[in-house]
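Only one structure is covered here, and it is reproduced in the block below.
The first residue of the sequence shown is numbered 1, and numbering continues consecutively from there. Side chains are part of it too, since the values below use all heavy atoms of this structure and drop only hydrogens, waters and symmetry mates.
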Amino acid sequence: MILAPDRVRPRELVMNALKMYGAEIENAGITASIVVDESYERLEVEEVIFDPSRLVQGKPVQIFGC
């Protein structure tokens, strides 16, 4: 396994992943939403460093815990 860490904006990455899997989520009859915890806002997190490809490689069920 090769990791490729990069600076990413978590909120944008998750929103893009939801869009990418939108049809699959809808076909499965799943209602998806994003809820940002108040601690995220309080800490003013803009960017984190991790491998974004690992998030979007999985199935929506694995990613979003549905």
Inset, instruction - Evaluate the salt bridge (Lys or Arg N to Asp or Glu O under 4.0 Å) criterion for residues Arg11 and Glu41: first the C-alpha distance (whole Å), next the side-chain angles of each, then the deciding distance (0.1 Å), finally the verdict. - result: CA-CA 11 Å; Arg11 187 183 314 213; Glu41 302 293 341; 2.5 Å; yes
Legend entry - Joint cluster assignment, Ile49 & Leu43, ILVMFWY side-chain distance < 4.5 Å: no
Legend entry - Full working for side-chain contact (heavy atoms from CB on, under 4.5 Å) between Met15 and Ile34: CA-CA 8 Å; Met15 288 184 344; Ile34 299 172; 3.1 Å; yes
Inset, instruction - Enter the distance from Ile25:CD1 to Met20:CE here, rounded to the nearest 0.5 Å. - result: 9.5 Å
Inset, instruction - Return the set of residues passing side chain to side chain donor-acceptor pair (under 3.5 Å) with Glu38 (not counting sequence neighbours), or none when no residue passes. - result: Arg42
Inset, instruction - Quick one: closest heavy-atom pair of Tyr40 and Val45, and the distance? - result: OH-O, 3.3 Å
Legend entry - salt bridge (charged side-chain N to carboxylate O under 4.0 Å, His left out) involving Asp6 - partner list, sequence neighbours excluded: none
Legend entry - Donor-acceptor contact present, side-chain Asp51 to main-chain Ala4, <3.5 Å: yes
Inset, instruction - Please round to the nearest 0.5 Å and tell me the distance separating atom CD of Glu47 and atom CD of Glu12. - result: 9.0 Å
Inset, instruction - Evaluate the criterion side-chain contact (heavy atoms from CB on, under 4.5 Å) for residue pair Phe50 and Leu13; output intermediate values, then yes/no. - result: CA-CA 11 Å; Phe50 72 96; Leu13 182 64; 3.3 Å; yes
